[in-house]
2 protein chains.
Amino acid sequence: MIRLLGFIAGALTVGSFIPQVVRTFRTRHTRDLSFGMFALLVTSGVLWLLYGLVRHDWPVVATNVGMVTLTGILLAAKVRFK
Amino acid sequence: MIRLLGFIAGALTVGSFIPQVVRTFRTRHTRDLSFGMFALLVTSGVLWLLYGLVRHDWPVVATNVGMVTLTGILLAAKVRFK
C-alpha cells in the first residue's frame, strides 16, 4: 500500500520531466533552462539511486533510474541546443 | 551513514532548483519552462512527503519539504511572469 504510494509518487516525479523534454525538443531552445539545475539533478539522482539500493527501497530506485535518464537528456540538450 | 547519503542526495536535489529560481527571478522570463513539469513536481513532492512520513524516512521528508517549496515558487513564477 505504502509502496504503491511510492511508485505513484515516482511515476509523477519522472513524468514531470516529460513535458520539459517534449518542449525542449520541439522548440530546440534552452535559453531559460539552468545548466546548474540539470547538472545537480543528474548528480543527486545517482546518489538517490545508491540510497534506494542500500535500503532496498524500490520506489526510490525506480524513480531515480528514470530521473538520471531524463535529466541527463535535458542536460545534453542544454549543451547541444544553447 | 546511509542516512547521511540520503541527506546529501536531498540537499543536492533541492539545491538543483536554486539556480533555476535565481535565473527565473533575474530574467523574469519563463517561456522555455514547462508549466506541466512544475505542476507535476509540486504534486509528486506532496506524495513523496507522505511516503517519507509513513516510512519515517527523514531524508525523504526533508527533501520533499524543500521540493514542494521551490517548485511551488517556480510554478507561481511561470503563471506570473509568462
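Order of the sequence lines sets the chain letters (A, B, ...), proteins ahead of strands, with each chain counted from 1.
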Decide side-chain contact (heavy atoms from CB on, under 4.5 Å) for B:Phe17 and A:Leu41; before the verdict, give the C-alpha distance in whole Å, the side-chain angles of both, and the deciding distance to 0.1 Å.
CA-CA 8 Å; B:Phe17 284 84; A:Leu41 282 174; 3.9 Å; yes

Please tabulate, one pair per line, all N/O donor-acceptor pairs under 3.5 Å involving side-chain atoms of residues 63-70 of chain B, not counting sequence neighbours.
{"unit_1": "B:Thr63", "atom_1": "OG1", "unit_2": "B:Pro59", "atom_2": "O", "d": "2.6"}
{"unit_1": "B:Asn64", "atom_1": "ND2", "unit_2": "B:Val60", "atom_2": "O", "d": "2.8"}
{"unit_1": "B:Thr69", "atom_1": "OG1", "unit_2": "B:Val65", "atom_2": "O", "d": "2.8"}

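With chain A as partner, the option from B:Gly36, B:Ala11, B:Ala9 having the largest number of non-hydrogen pairs under 4.5 angstrom is B:Ala9. Among B:Ile2, B:Ile18, B:Val54, the residue with the largest count of heavy-atom pairs under 4.5 Å with chain A is B:Ile2. Chosen from A:Phe38, A:Phe35, A:Trp48, the residue pairing most often with chain B at heavy-atom distances under 4.5 Å is A:Trp48.
A salt bridge links A:Asp57 with B:Arg55: the closest approach of a Lys/Arg side-chain nitrogen to an acidic carboxylate oxygen falls below 4.0 angstrom.
Among residue pairs with one or both ends in residues 24-44 of chain A, those qualifying as side-chain hydrogen bond (donor to acceptor under 3.5 Å, both in side chains) are A:Gln20-A:Thr24, A:Ser44-B:Thr13; sequence neighbours excluded.
Contact of B:Leu50 with chain A is made through backbone and side chain together, with heavy-atom distances under 4.5 Å.
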